[in-house]
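Computation of the quantities below employed the complete heavy-atom set of this structure, encompassing side-chain atoms and omitting hydrogens, waters and symmetry-equivalent molecules.
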Amino acid sequence: MIEARNLTRRYGPTVAVDALSFDVRPGSVTGFLGPNGSGKSTTMRLILGLDRCDAGQVRVGGRRYRELRWPLREVGALLEAKAFHPGRSARSHLTALAASNAIPRARVDEVLDMVGLTSAAGRRAGKFSLGMGQRLGVAAALLGDPGVLLLDEPVNGLDPEGVRWIRNLLKSLAAQGRTVFVSSHLISEMALTAERLVVIGRGRLLADTTVAELSAGSASLEDAFFRLTSGAVEYQGNQTKEVTS
Ligand SMILES: Nc1ncnc2c1ncn2[C@@H]1O[C@H](COP(=O)(O)OP(=O)(O)OP(=O)(O)O)[C@@H](O)[C@H]1O
């Protein structure tokens, strides 16, 4: 369970996260949606204690992240791909992480197998493709067999097999009773993966609901998302002249 209450983070004049309150419950995948710059990554960093909040608080399993004795065994996180030393092999990266949290070494090979990196385990992680880096990040998140998982854009860079794999993985982790919180810009993918949604815009909560509820009355979840966030989009491209061939 993740409980955010009145969570607020400012960077100078920018209010990145603005009095945000929501719960992420165990047993289902909760998608975290919002336009560019709406505060999703900042919120995830606040949950993980990687950034301090100016007001409010967030608890994971009833405690603040920094109060957790073995954080990797309680919360697994994938924040950005390639968050590892480029000169280390995938296996040695995971082995070092396991040692720091008193996780048995045998678990390293288990998670390498789960993410499909067994054959690349001895290669320098710095030479990994984006998708392989994402897989290694997922392996690190799963290492401590945590009850809570936080993933920021996990499908980024994954091939179609990888997208389907992560979808099924997240659903099965939730079905085991874990709390799974996952951000994405791919609304159609979220429609397939998530049961619940937290939607934010300009740092504020726009909806804390189910996919079914939000989609009801719209042609698609994407349409419902655009309607919900239409007043909260900060960065928008211009339509270019249509190309006809
Ligand atoms: N370290 C920082 N210093 C200054 N401003 C920041 C910092 N981190 C985030 N911001 C600002 O906070 C706001 C929210 O950013 P954040 O990265 O959390 O959004 P996001 O929803 O994850 O965006 P995206 O979908 O584009 O990844 C933005 O205006 C961003 O410029």
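Residues Val163 and Leu221 fall within the same hydrophobic cluster, defined by Ile, Leu, Val, Met, Phe, Trp and Tyr side chains chained together at heavy-atom separations under 4.5 Å. Under the 4.5 Å side-chain heavy-atom criterion for grouping Ile, Leu, Val, Met, Phe, Trp and Tyr, Ile2 is connected to Leu79 within one hydrophobic cluster. Cluster annotation: Val180 and Leu192 are assigned to distinct hydrophobic clusters (Ile/Leu/Val/Met/Phe/Trp/Tyr, side-chain heavy-atom contacts under 4.5 Å, transitive). Hydrophobic cluster membership differs between Leu46 and Val15, with clusters built from Ile, Leu, Val, Met, Phe, Trp and Tyr side chains linked at under 4.5 angstrom. Using a 4.5 Å cut-off between side-chain heavy atoms of Ile, Leu, Val, Met, Phe, Trp and Tyr, with links allowed through other members, Trp70 and Leu48 fall into different hydrophobic clusters.
No donor-acceptor contact under 3.5 angstrom links the side chains of Thr8 and Asp54, judged on distance only.
How far CG of Asn6 is from CG of Asp18: 9.0 Å, rounded to the nearest 0.5 Å. Between the OG atom of Ser89 and the CZ atom of Arg124 there is a distance of 10.5 Å, given to the nearest 0.5 Å. Here the OG atom belonging to Ser21 is positioned 9.5 Å from the CD atom belonging to Gln57, to the nearest 0.5 angstrom. To the nearest 0.5 Å, the span separating CD1 on Ile200 from OG1 on Thr43 amounts to 4.5 Å. A distance of 8.5 Å separates OG of Ser100 from CG of Leu143, quoted to the nearest 0.5 Å. Going from atom CZ of Arg196 over to atom CG of Leu214 covers 11.5 Å, rounded to the nearest 0.5 Å.
Between the side chain of Arg9 and the main chain of Arg52, a donor-acceptor pair closer than 3.5 Å is present. Not one N or O on the side chain of Arg64 forms a donor-acceptor pair closer than 3.5 Å with the backbone of Gly49. Checking side-chain atoms of Ser172 against main-chain N and O of Leu169 turns up a donor-acceptor pair under 3.5 Å. One N or O on the side chain of Ser184 and one on the backbone of Leu186 form a donor-acceptor pair closer than 3.5 Å.
In this structure, the side chains of Val60 and Leu150 stay at 4.5 Å or more apart for every pair of heavy atoms. Using a 4.5 Å cut-off on side-chain heavy atoms (C-beta onward), Arg25 and Thr30 make no contact. Considering only heavy atoms from C-beta on, Thr95 comes within 4.5 Å of Arg105 through its side chain. Looking at heavy atoms from C-beta onward, Gln134 lies out of side-chain contact with Val115 at the 4.5 angstrom threshold. Side chains of Asp145 and Arg178 form a contact here, defined as non-hydrogen atoms less than 4.5 Å apart. Side-chain contact between Glu234 and Arg202 is present, with at least one heavy-atom pair separated by less than 4.5 Å. At a threshold of 4.5 Å between non-hydrogen side-chain atoms, the residues Lys40 and His185 count as touching.
Minimum interatomic distance between Arg5 and Phe22 (heavy atoms only, all atoms of both residues): NH1-O, 3.4 Å. Across every non-hydrogen atom of Leu136 and Ala125, the tightest pair is CD2-CB, 3.8 Å. The heavy-atom pair separating Ala90 from Ala120 by the smallest distance is CB-O, 4.4 Å. Contact between Val138 and Leu151 at its shortest, heavy atoms only, is CG2-CD2, 4.4 Å. In terms of heavy-atom proximity, Leu117 sits nearest to Met132 at CD1-O, 3.8 Å. The nearest pair of heavy atoms linking Met44 to Phe181 is CE-O, 3.9 Å.
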Show the numbers, then the answer: is there a side-chain contact (heavy atoms from CB on, under 4.5 Å) between Leu33 and Thr229?
CA-CA 10 Å; Leu33 306 181; Thr229 58; over 6 Å; no

Check step by step if side-chain contact (heavy atoms from CB on, under 4.5 Å) holds for Val108 and Ile103.
CA-CA 9 Å; Val108 169; Ile103 295 164; over 6 Å; no

Is there a side-chain contact (heavy atoms from CB on, under 4.5 Å) between Val24 and Phe32 once you walk through the steps?
CA-CA 10 Å; Val24 185; Phe32 191 26; over 6 Å; no

Derivation and outcome, side-chain contact (heavy atoms from CB on, under 4.5 Å), residues Phe226 and Val233:
CA-CA 9 Å; Phe226 285 142; Val233 178; over 6 Å; no

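A salt bridge does not link Arg107 to Asp109: none of the charged nitrogens lies less than 4.0 Å from a carboxylate oxygen. Between Arg59 and Asp23, none of the side-chain N atoms (NZ, or NE/NH1/NH2) sits under 4.0 Å from a carboxylate O, so this pair counts as no salt bridge.
A side-chain contact (heavy atoms from CB on, under 4.5 Å) with Leu197 is found for one member of Asp208, Val29, Val211 and no other, namely Val211.
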